[in-house]
Protein chains: 2
Amino acid sequence: MIRKQKPKLPAILKYDLILANVGKHITLDEKEISFFTSLLKEKHIDKKDFVLKEGQLCQYISFVNSGLLRAYYLDKEDKESTIMFAVADWWITDMYCYINRKPAMLTIQAVEDSQILNLKKDDLEKLYVEVPKFEKFFRIIMQNAYIREQLRIIQNLSLSAEERYHQFLTKYPQVAKQVTQKQIASYLGVTPEFLSALRANKSKR
Amino acid sequence: MIRKQKPKLPAILKYDLILANVGKHITLDEKEISFFTSLLKEKHIDKKDFVLKEGQLCQYISFVNSGLLRAYYLDKEDKESTIMFAVADWWITDMYCYINRKPAMLTIQAVEDSQILNLKKDDLEKLYVEVPKFEKFFRIIMQNAYIREQLRIIQNLSLSAEERYHQFLTKYPQVAKQVTQKQIASYLGVTPEFLSALRANKSKR
DNA sequence: CTGATTTCTTAAGGTACATTAATTTTCTTT
DNA sequence: AAAGAAAATTAATGTACCTTAAGAAATCAG
């Protein structure tokens, strides 16, 4: 397969977004910044290529610098369930398998050409030891992730497919424009045919 | 309403469980232990009484010493969706509202007479400052909570009601014995009538 | 112990959503 | 630009799960 040109960001820009992301919750000095960034491995992912496949060891947590990734679960009948979308400024991994060094349950694929920064489990552990402030940072990241997932559970239990679709459009308008309806349907837990019918009914009114 | 006798645990026992819980992830010295425990407020909750009601400010995160609590969401049609059960050795709160000091979306009610230890948001923040190891502790607690919720989403999207019921029985056999089928149904996202029918089919085979 | 309340069960009829399949539209590759 | 592949739409038919209702069983309050 012929590789496309990889547009490398100048180093000065490469870490801008992630440092701003970290800076929302903790403050780092020069040394801490250079130690942290030294642990990050830049990677370009072409559209439709995989960051992680089911069954592989999930070595990295990835910060999205640009582009759009999707994590999904494939069940025994090969039906996809989209677990999350990650746009620029988001973190994504198969958390259970990353933390416990187990084979991945999730597949993570690029929806668009993407630029990510990877952090290995071992390096994250070093980071916790060397710069304990990162315990706080990831405490907040995990807390927010927990809250988001819990809200999604509440909505899955209490709302109809149509209401969930509307919520999705409101909450992630940008993602909604970039992904296929098939992918949105698999996030909502309905078939693409049914989502299509919902949309047709909606626009009639 | 006539209050029942509250059986107070001797102090030496009162903190045993929570200190073992914390001790799974971090190690505390004497001073840290006494500072931490000084922030905890013991509370007895009679069966069916409320720890938190929708709309109230959620001031506490609660550690369950004994008994069983249930957190649920009430939608506009007054339908209950059970978000979690918390048995002894578990932490429970309306995390979004606790962290952001917003009115609670969830109601937390005692399924059985329960003994809990409450930690105020302000005191937790003091704890993070005085004993930074607690950042690590709650990082791990949040991480585990995130992983659990994500697994639940995967199962809600990919499994039938019957499969989810079976998973629930396997994962929480003790809880399954203590709560009503109505409550299990509302955790699974089905009506009690349908769960009853599932059980009838299952036992036929 | 007794009546009242809540839970559980069963069953009939209804609805939200799935399946299959055919057609059109959009996207991708060369 | 053309061909091929994937996505979206539409429609008919099917099913998992809901609603309503009524009776039986279990639990609770006095």
Side-chain angles (χ1 to χ4, degrees), chain A residues 1-4 46-49 68 70 72 75-82 85 109-113 155-169 175-205, chain B residues 1-4 46-49 68 70 72 75-82 109-113 155-169 175-204:
Chain A
M1 195 183 296
I2 296 152
R3 310 233 92 218
K4 288 176 195 160
D46 288 335
K47 182 170 179 170
K48 296 198 178 166
D49 278 359
L68 174 51
R70 179 174 73 104
Y72 60 90
D75 69 17
K76 36 193 159 47
E77 280 100 29
D78 269 1
K79 195 187 72 177
E80 287 182 9
S81 297
T82 294
F85 296 103
Q109 187 181 23
V111 173
E112 301 290 353
D113 282 17
Q155 295 185 344
N156 282 349
L157 292 175
S158 65
L159 301 182
S160 69
E162 183 165 10
E163 290 168 320
R164 276 178 277 142
Y165 177 57
H166 178 249
Q167 283 278 355
F168 181 83
L169 293 183
V175 174
K177 279 175 203 152
Q178 290 179 261
V179 304
T180 63
Q181 276 172 226
K182 194 182 165 193
Q183 290 168 345
I184 296 176
S186 92
Y187 181 93
L188 299 176
V190 298
T191 58
E193 293 84 356
F194 187 68
L195 177 57
S196 177
L198 285 186
R199 285 161 46 85
N201 287 335
K202 200 167 190 177
S203 55
K204 250 181 238 163
R205 293 176 227 153
Chain B
M1 196 183 295
I2 295 152
R3 310 232 95 218
K4 289 174 196 162
D46 288 336
K47 182 170 178 169
K48 295 196 177 166
D49 278 0
L68 174 51
R70 179 174 73 105
Y72 60 90
D75 69 18
K76 36 195 159 43
E77 281 100 29
D78 267 1
K79 194 187 71 175
E80 287 183 8
S81 296
T82 295
Q109 188 182 21
V111 173
E112 302 289 353
D113 282 16
Q155 295 186 343
N156 282 349
L157 292 176
S158 64
L159 301 182
S160 69
E162 183 166 12
E163 290 167 319
R164 276 177 277 143
Y165 176 56
H166 177 250
Q167 282 279 355
F168 181 83
L169 294 183
V175 173
K177 282 174 201 152
Q178 290 178 261
V179 305
T180 63
Q181 276 173 225
K182 193 181 165 194
Q183 288 168 347
I184 296 177
S186 92
Y187 181 92
L188 299 175
V190 298
T191 57
E193 293 83 355
F194 187 67
L195 178 56
S196 179
L198 285 187
R199 284 161 48 84
N201 288 336
K202 199 166 189 176
S203 54
K204 252 182 237 163

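A note on names: the letters A, B, ... follow the listed sequences, proteins ahead of strands, and every chain is numbered from 1.
The closest donor-acceptor contact from the side chain of B:R70 to the backbone of B:V111 lies at 3.5 Å or more, if one exists at all. Although no hydrogens or angles enter the test, the distance criterion places a donor-acceptor pair under 3.5 Å between the side chain of B:S186 and the main chain of B:T82.
For DNA chain C, the outermost nucleotides in 5' to 3' order that have an atom under 4.0 Å from a heavy atom of chain B are C:dT7 to C:dT10.
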Taking protein heavy atoms under 4.0 Å as touching, what does nucleotides 14-20 of chain D look like 5' to 3' if B marks base contact, S marks sugar-phosphate-only contact and - marks none? ---BSBB

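Rounding to the nearest 0.5 Å gives a distance of 11.0 Å between CG of B:L159 and NE2 of B:H166. Atom CD of A:Q109 and atom CG of A:L68 lie 10.5 Å apart (nearest 0.5 Å).
Take B:Y187 and apply the ring pair (Phe, Tyr, Trp, His ring centres under 6.0 Å) test, not counting sequence neighbours, and it matches B:F85, B:F168.
Regarding A:Y165, its OH atom lies at a distance of 10 Å from the P atom of D:dA8, rounded to whole Å. Atom P of nucleotide D:dA11 and atom CG of A:N201 are separated by 11 Å, given to the nearest angstrom.
Smallest separation of non-hydrogen atoms from B:K182 and B:P192: CG-CG, 3.8 Å. Nearest heavy atom pair, residue A:D75 against residue A:K79, reads OD1-N, 2.9 Å.
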Applying side-chain contact (heavy atoms from CB on, under 4.5 Å), run through B:R199 and B:Y165 and close with a yes or a no. CA-CA 9 Å; B:R199 284 161 48 84; B:Y165 176 56; 3.0 Å; yes

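Proximity of A:Q183 to the phosphate of D:dA7: no side-chain N or O atom is located under 4.0 Å from OP1 or OP2.
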